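Notes to accompany the following structure.
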Amino acid sequence: MASFITELKRSKYNGEFSTADVGQPAVVFGWVQSYRDHGGVIFIDLRDRTGFVQLRCEPSPHLHAHAVADTVRNEWVIAARGTVISRGTNINPKIPTGEVEIAVEQLQVLTEAQTPPFEVRDGIDTNENSRLTYRYLDLRRPELNRNFVARSRAMQLTRAYFTEKHGFLELETPILMKSTPEGARDYLVPSRVHPGQFYALPQSPQQFKQLFMMSGMDRYMQICRCFRDEDLRADRQPEFTQLDLEMSFVCPEDIYQILEGYVAEIWSQMLGYQLQLPLRRMAYAQAMDKYGCDKPDLRFDLPLSNLTETLRDRVEFRVFADVLAKGGIVKALYLPQGDAFTRKDLDTTIPQEAAPFGAKGVAWARVTAQGEWTGPVAKGVSAELRNELNALMGTAEGGLILFVADKPAVVHASLARLRLFAGERLNLIDKNAWAFLWVTDFPMFEFDETDQRWYAMHHPFTSPRADHLELLDSNPGQVLAQAYDLVVNGTELGGGSVRIHASDVQAKIFASLGLSDQEAKEKFGFFLEALKFGTPPHGGIALGMDRMMMLLTQSSSLRDVIAFPKTQKATCLMSDSPNSVDDKQWAELHISPRRV
RNA sequence: GGAGUGGUAGUUCAGUUGGUUAGAACGCUGGCCUGUCAAGCCAGAGGUCGCGGGUUCAAGUCCCGUCCGCUCCGCCA
């Protein structure tokens, strides 16, 4: 008999068999998904990355194959040769290959397998600990496997769109870079050759991609790994993959257009979903005012209302009056279907949702007949004031008003959370909807109360709006940047900006950030120097590819679209990294562990 | 750095007010079975109740500490 692999080559993947193959000889390889031994006939579901095909082993005339089939167990790797036959009316409608099966004539065990620590099957609910420790087993599961097939396809489409259709060059930037201040904490790499000195892994190739523009590359793209040593979330890993882009001689409109074509292409090719272009846009200030957040989920509306000025000097409700007196604000979320929220929600659940954001409480009022209110706020609001507020929020009988009074950051964060909570509770979120949004006109700076200084909201190479340059000295908080984020269903997919191309402007920004000339020179000297040698106006954007895959595959965690992810403590449970290294390595790197 | 939540058989979970020998399902092992497809039937094996300490006649259960997973706040230009 001919031997598998060297002579008998795979005729096709297991998931690809159909009635068109009936009567054809077949050679298949794969993992045993399940076996059903009826004493006589034995059925084996053979899995590979494309799906399953059922093997049928009859006791005769292929006695040997049947004897081998009798021994196989789940996850063994086997090879089979046989003939594709129709299952007639006895089909399995649950799987795509369910109308055919392979009548086995030759069967060989290529590798036996230990019993896996969890069943390799969709729909399991194994704890993350085991899944991550035995990641290669988890990845065999079709529902996870398909995410990486999709990921591969998305990456190919991405390269093709930018390099073939739009003239981008795919260029690479260093992984060992210079550590820079500002921004996220760096992952550091000690230098062996230079005692006491360190490289940093890139948080993003920001300066290098700008240097490509200065180098005349005109259009740059890279699918690159970035590293940030910050604490993790479901949508944040310490290393992640970014689609990094930069273009010369462009304004924000040009960048929007290229990106819109890109996401339209991806959503069309990957999901068959036709995006309506151009995408919606909203200024940062409006997003904050209306939704309390710079990445609103616009699959549903539920806008916030700012009641601050209407209430000022008129409201008797103590909490509001006190907050207003101290310079705080009062905003409200109006929910038309108020009866979906119980008294327990109002007393317990809703305050608990808002508490992590600093809200000391959530006041409420139910709207009854003739626009009257019940609840704790009601008696602190005159009939006249109430009517004005009703008109402002567009209330109706049966509605519920949730109020938060505090400093703006707390009001916005907690009401933004409550808005999402209510959207879910009221079933307002259409799972098939795609709400894309450009958030534009971000402020250039934000003030840090702890450090008592301004920080760049995007990054320090972002260009302010030309007409705001003169505000840099007088009123930095008012300066708007030529920066934009692309938001999808409440997820920040990416962000970018038009960059500064004049060294004097760049110097002014550093000054606004409190960097002395000396410091700027030390940290960014080469970059400031480069700016002086003829820098084209340029701008770009970076998209989080992992987050995009999360959206495209409807995954709830980044771990489902990153092949070998880290835990929340940034460890790899499979390979057990990070790990300690021996003294020789410490010595070579001229460093020593800190005594605790 | 902080908050919440979980950790009991290989896996998912149950385990009452602290009380006899810690259970179920799936998986696993063996047997039967020629049309299953998460096969079925019969039998069996399988436990450091995360770890350490404490209270108690008695701890999976109560208390303290600690480790790990997850979610969130801070953080993430």
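No experiment lies behind these values; they were computed from the predicted model shown. Chain letters run A, B, ... following the sequence lines, proteins first, then strands; residues in each count from 1.
Taking A:E105 as the reference, A:H62, A:R81, A:T83 meet the side chain to side chain contact (heavy atoms under 4.5 Å, CB included) condition, with sequence neighbours excluded. For A:K523, there are no side-chain hydrogen bond (donor to acceptor under 3.5 Å, both in side chains) partners, not counting sequence neighbours.
Between A:F357 atom CZ and B:rA3 atom P there is a gap of 17 Å when expressed in whole angstrom units. Remark: P of B:rU71 and CG of A:L558 are 10 Å apart, rounded to the nearest angstrom. Atom-to-atom, CG of A:D138 to P of B:rU11 comes out at 14 Å; the value is rounded to the nearest Å. For the pair A:E119 CD and B:rC26 P, the interatomic distance rounds to 10 Å; values are reported in whole Å. Between A:Q54 atom CD and B:rA38 atom C1' there is a gap of 13 Å when expressed in whole angstrom units. The CG atom of A:D37 sits 14 Å away from the P atom of B:rC37 (whole-angstrom rounding). Summarising the geometry, the separation between CG on A:L55 and P on B:rA39 is reported as 14 Å, rounded to the nearest angstrom. Residue A:R131 contributes atom CZ, which lies 21 Å from atom P of B:rC68 at whole-angstrom precision.
In terms of phosphate contacts, A:R121 brings no side-chain nitrogen or oxygen within less than 4.0 Å of OP1 or OP2 of B:rU11. Residue A:R236 places none of its side-chain N or O atoms closer than 4.0 Å to OP1 or OP2 of B:rC73. The phosphate of B:rA39 has OP1 or OP2 within less than 4.0 Å of a side-chain N or O from A:R36.
Of the listed nucleotides (B:rG10, B:rU36, B:rG69), B:rG10 has the atom at the smallest distance from the side chain of A:P117. The listed nucleotides are B:rG1, B:rC13, B:rG69; the one nearest the side chain of A:N129 is B:rG69. With distances taken from any side-chain atom of A:N74 to the nucleotides B:rG27, B:rG74, B:rC37, the minimum falls on B:rG27. If you check B:rC76, B:rG69, B:rU11 against the side chain of A:R228, the one that comes closest is B:rC76. Side chain of A:Q568, nearest nucleotide from B:rG27, B:rU12, B:rC70: B:rC70. Considering only side-chain atoms of A:R73, the nucleotide from B:rC72, B:rC70, B:rG30 that sits closest is B:rG30. Side-chain proximity of A:F118 to B:rC70, B:rU11, B:rC73: nearest is B:rU11. Side-chain proximity of A:K569 to the nucleotides B:rC76, B:rU71, B:rG69 is greatest for B:rG69. Residue A:D231 has its side chain nearest to B:rG1 when only B:rU36, B:rG1, B:rG27 are considered. The A:T126 side chain lies nearest to B:rU11 when the options are B:rC37, B:rU11, B:rC68.
Under the 4.0 Å criterion applied to side-chain N and carboxylate O atoms, A:D473 and A:K508 are assigned as salt-bridge partners. Ionic pairing of A:E75 and A:R47 is present here: one or more N-O contacts between side-chain nitrogen and carboxylate oxygen are shorter than 4.0 angstrom. No salt bridge links A:E492 with A:K295; every basic N to acidic carboxylate O contact stays at or beyond 4.0 Å. Of the charged side-chain nitrogens involved, none lies within less than 4.0 Å of a carboxylate oxygen, so that A:R228 and A:E230 do not count as a salt-bridged pair. With respect to the salt-bridge test (charged N to carboxylate O, under 4.0 angstrom), the residues A:D560 and A:R131 qualify. Comment: A:R465 engages A:D441 in a salt bridge, judged by a side-chain N to carboxylate O separation of less than 4.0 angstrom.
In this structure, B:rG30 and B:rC42 make a Watson-Crick or G-U wobble pair, each of the two defining distances being under 3.5 angstrom. Pairing for B:rC70 goes to B:rG4, judged as Watson-Crick or G-U wobble with the two contacts each under 3.5 Å. Checking B:rU55 for Watson-Crick or G-U wobble geometry (two distances, each under 3.5 Å) identifies no partner in any strand. B:rA25: Watson-Crick or G-U partner is B:rU11, with both key distances under 3.5 Å. Under the Watson-Crick and G-U wobble criteria, each requiring two contacts below 3.5 Å, nucleotide B:rC75 is left unpaired. Of all nucleotides present, none satisfies the Watson-Crick or G-U wobble test against B:rU20 with each distance under 3.5 Å.
Rounded to whole Å, the P atom of B:rG4 lies 48 Å from the corresponding atom of B:rG30. Between the C1' atoms of B:rG52 and B:rG7, the separation comes to 16 Å (whole Å). Remark: the separation of the C1' atoms in B:rU55 and B:rU12 is 33 Å, to the nearest Å. Of the P atoms belonging to B:rG6 and B:rA38, the separation is 34 Å, rounded to the nearest Å. With both ends at atom P, the span from B:rU17 to B:rU61 equals 14 Å, rounded to whole Å. B:rG18 sits 40 Å from B:rG74 when the C1' atoms are compared, rounded to a whole Å. Taking atom P on both B:rC26 and B:rG60, the two are 28 Å apart, rounded to the nearest angstrom. Rounded to whole Å, the separation between the C1' atoms of B:rG27 and B:rA9 comes to 11 Å.
Counting any heavy atom pair closer than 4.0 Å across all strands shown, A:D45 reaches sugar-phosphate atoms only and no base atom. At the heavy-atom level, A:E101 lies under 4.0 Å from base atoms of the strands shown. Contacts of A:Y455 with the nucleic acid, taken as non-hydrogen atoms under 4.0 Å apart, are absent. Using a 4.0 Å heavy-atom distance criterion, A:D125 is classed as a sugar-phosphate-only contact.
Toward the 5' end of RNA chain B, the nearer of the two residues A:E128 and A:E58, judged by each one's closest nucleotide, is A:E58. Looking at which nucleotide of RNA chain B each of A:S34 and A:T571 is closest to, the 5′-most match is held by A:S34.
Between A:H38 and A:F43, a ring centre-to-centre spacing shorter than 6.0 Å is recorded.
If you check distances only, the side chain of A:N90 does reach the base of B:rC37 with a donor-acceptor pair under 3.5 Å. The base of B:rG69 does not come close enough to the side chain of A:R559 for any donor and acceptor atom to sit less than 3.5 Å apart.
For the pair A:R135 (side chain) and A:A563 (backbone), a donor-acceptor distance under 3.5 Å is present.
Listed in residue order, the members of residues 517-530 of chain A having a heavy atom less than 4.0 Å from RNA chain B come to none.
Under the 3.5 Å distance criterion, with hydrogens and angles disregarded, a donor-acceptor pair is assigned to the side chains of A:T50 and A:D48.
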